[in-house]
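Positions are given from 1, in the same order as the sequence printed here.
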Amino acid sequence: MADDQPENPYLELLARGAPAEAYERPVLRARADKAPAERLAALERAKLLALRVRGELEGRRRREAELSALFETAHDLAGLRDLDAVLQAIVQRARSLLGTEVAYLTLHDPTAGDTYMRVTDGSVSARFQQLRLAMGEGLGGLVAQTARPYVTDSYFDDPRFQHTHSIDAGVKDEGLVAILGVPLLLGSGVIGVLFAADRRARVFEREQISLLASFAAHAAVAIDTANLLAETRTALAELEAANEIIRDRSGVIERASDVHDRLTELVLRGGGVHDVADAVAEVLSGTVEFTEADRAPAAAVDRSRTDGHAVRYGEDWIAAVSAGGELLGALVLHGHPGLDPVDQRTLERAAMVTSLLLLARRSAGEAEQRVRGELLDDLLDAPDREPRLLRERAIRLRADLDAPHVVLAAGLDTPAAPAASGTSGTSGTSGTSGTDPGGDAPADEAADRQRLVSAASHLAATGHGLAAARDGGTVLLLPLAEGDTADALARRTARQLGTALHAPVTVGASAPVAGPAARPADVASGYAEARRCLAALRVLGRAGQGAAAEDFGFLGLLLGGTRDGAPDAARVQDFVHRTIGAVLDYDTRRGTDLVRTLDAYYASGMSPARTKDELHVHVNTVAQRLERVGRLLGPDWQSPSRALEIQLALRLHRLISAR
């Protein structure tokens, strides 16, 4: 029977992997059953054989696990992506297979000449994790120095290596007792040490030392591979950067050559400013536009003009376009903040070419400007000219003298600039843009006036108007766009001329002239009115500004008067309508007495009580009427300045109504 076979109990134990102490039980049972001596001897022999087989199986399983771990480590190295992750895996597997409480790895620091803690597993001490070991210090220093494995059963009792306070303190803080260290060899050099350690005394077997050495070899390969990969990546990155620089430089040189050829072609074929902007925009892969001087950011343009280079302005680049002392405009490169120095130079070269083109255009246009000045002189000095001839001359200059225009008198506000005379402009020294506007004036003053004439002529040409030097200043005849006013045109002209000349320019404007070709006499009257407005601006301390006669309220009646100084009926009616027209219209529509109430209110010293006696109405009625007046004229109708104008308008209304 099977029970009679002495080997059966041990086969069963081997099959189920029983612990070693279980192999004593069959012998003990047999003795308890008083088995014969032969059976007991057979059981002892079977037990020894079973234990030997069990040991062989345990060794095979252990070697299988070790080989499996080494295979997994090799697999990790084959797909190396993160050195830290690979080293951490090696330390974890070493700790697991050797059954230690702690495993760690140190690397050599060639700069400091020592080793430092790189990876730990199972460590709980921050001091231990920050240890550095010099050559020969501690067990790790001894391994690094000799390039041989070392093992100690009791670290603090081992005299073979040099004990230091810092290392011993870190080991004690971690609580380590038994430590095994093997070198990480790369060729004949040691690049680090791999450790396995316990917090209790133990003996590391030869197989365990060999296993840890195998892991150390893998770690050395991983570190070397990672270093080679890092060096390769760095070299590739540097090579790519160098190639990128070469490509960029090559592209920049090609773009510079391209823009040079294009700009040269533009100059030779007489291209315009916008052609230059388009060519540069295509080369720089951006949007480039030419901007008039008054529309460009003043601070950036001044800086570019002073430095002689394009300057950055927010997300844009601006290059001033100037000739001599005159600012002609600016080239603006939009949305291109990161501009290469060569591309910056390209923008600057384009600005220079633009200034040359503008100068060439100005030279070619000087004859046209003289013709414009002669036409304006004829309008001012010869009111009996044939309208048909005036229209034909204007058409050739792209001007429409049948449209509404405004006459403007402009003067530079420098210390030497004289106040404009209040007399008619036709009585002064007449001259065209080709004459010296300064007469016997000093050279600097004459140069300033000539610059004013040039800027005004350019403004008139771009605005389809006329300009000429006259009476020590400049006169302009500019079209009035629909919805625009003479006052707004005067202020805009003063600003544009002042920006172009970098000096304050005062501009006085006339009332609109309906059709200069049909009514040239109105142009001469308008010029006299504009000069009186210019003189008033200077007297009132508003030098460097622009205004029309209508901007001065009732004072505009005096400024806008005819040659004998008396305001004409149309201007009086206009003043009355602008001042109290809302009240007059309300009385007409509703049949009320608001105008009569206003007359009585001012005649009574602005007293509602005396006003109600004058009108023979209740004081509440007066209050209601005055409240209505306030809604029609605005909340400031009782302010001193408004009250003065309203009273003058009421008096003029009475005079007109009495005729």
Side-chain angles (χ1 to χ4, degrees), residues 59-110 113-123 129 131-133 135-152 160-161 176 178-198 202-232:
R60 288 171 184 262
R61 281 195 292 268
R62 184 171 62 251
R63 284 192 294 275
E64 182 181 352
E66 293 170 356
L67 289 174
S68 176
L70 290 174
F71 175 79
E72 291 174 359
T73 302
H75 181 270
D76 289 342
L77 290 176
L80 177 65
R81 292 295 180 271
D82 184 358
L83 176 62
D84 287 339
V86 173
L87 295 181
Q88 188 68 49
I90 289 173
V91 171
Q92 288 175 346
R93 288 166 186 160
R95 177 190 174 197
S96 174
L97 289 175
L98 270 66
T100 58
E101 296 174 285
V102 182
Y104 52 99
L105 182 148
T106 61
L107 289 181
H108 176 60
D109 185 346
D114 60 4
T115 58
Y116 64 95
M117 199 72 70
R118 181 69 165 77
V119 182
T120 66
D121 189 60
S123 173
Q129 295 167 10
L131 280 179
R132 300 187 73 94
L133 293 78
M135 289 296 181
E137 293 182 353
L139 186 142
L142 183 61
V143 173
Q145 186 179 47
T146 62
R148 294 176 56 191
Y150 275 87
V151 61
T152 179
R160 290 178 299 166
F161 45 82
L176 300 181
I179 303 175
L180 166 62
V182 295
L184 276 68
L185 296 172
L186 195 59
S188 60
V190 178
I191 64 171
V193 180
L194 179 61
F195 299 86
D198 262 336
R202 66 170 287 180
V203 176
F204 288 97
E205 299 176 358
R206 183 182 300 273
E207 291 82 2
Q208 293 174 320
I209 297 174
S210 177
L211 176 61
L212 193 62
S214 298
F215 277 110
H218 281 299
V221 171
I223 294 170
D224 186 44
T225 303
N227 289 336
L228 290 175
L229 286 174
E231 291 174 2
T232 302

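- Sorted by first and then second residue, the pairs that involve residues 94-105 and meet salt bridge (Lys or Arg N to Asp or Glu O under 4.0 Å), not counting sequence neighbours, are Arg95-Asp121.
- Taking CG of Leu194 as the reference point, atom NE2 of His218 lies at 11.5 Å (rounded to 0.5 Å).
- Scanning for ring-ring contact (aromatic ring centres under 6.0 Å, His included) contacts around Phe161 gives Tyr155, His163, with sequence neighbours left out.
- Under the side-chain contact (heavy atoms from CB on, under 4.5 Å) criterion, Leu176 pairs with Val102, Tyr104, Phe128, Val171, Glu174, Ile179, Ala197, Arg199, sequence neighbours left out.
- Using modelled atom types, one side-chain atom of Thr232 and one backbone atom of Leu228 make a donor-acceptor pair closer than 3.5 Å.
- Every residue was checked against the side chain to side chain donor-acceptor pair (under 3.5 Å) condition with Gln88, not counting sequence neighbours, and none meets it.
- For Arg160, the side chain to side chain donor-acceptor pair (under 3.5 Å) test picks out Asp158, with sequence neighbours left out.
- Among residue pairs with one or both ends in residues 83-92, those qualifying as salt bridge (Lys or Arg N to Asp or Glu O under 4.0 Å) are Asp84-Arg118; sequence neighbours excluded.
- Each of Thr106, Leu105, Thr100 was checked for a side-chain contact (heavy atoms from CB on, under 4.5 Å) with Phe195, and the lone residue meeting it is Thr106.
- Here the closest heavy-atom approach between residue Leu184 and residue Ala219 is recorded as CD2-CB, 3.9 Å.
- The backbone N or O of Asp114 lies less than 3.5 Å from a partner atom in the side chain of His108, making a donor-acceptor pair.
- A search for side-chain contact (heavy atoms from CB on, under 4.5 Å) contacts involving Ala144 returns Thr115, Met135, Val190, Val193, not counting sequence neighbours.
- Taking the salt bridge (Lys or Arg N to Asp or Glu O under 4.0 Å) definition, one finds that Asp109 meets it with Arg132, sequence neighbours left out.
- Residues Leu87 and Ile223 form a side-chain contact, since some pair of their non-hydrogen atoms from C-beta on lies under 4.5 Å apart.
- Every residue two or more places apart in sequence or in another chain that forms a side-chain contact (heavy atoms from CB on, under 4.5 Å) with Thr146 is listed here: Leu142, Arg148, Tyr150.
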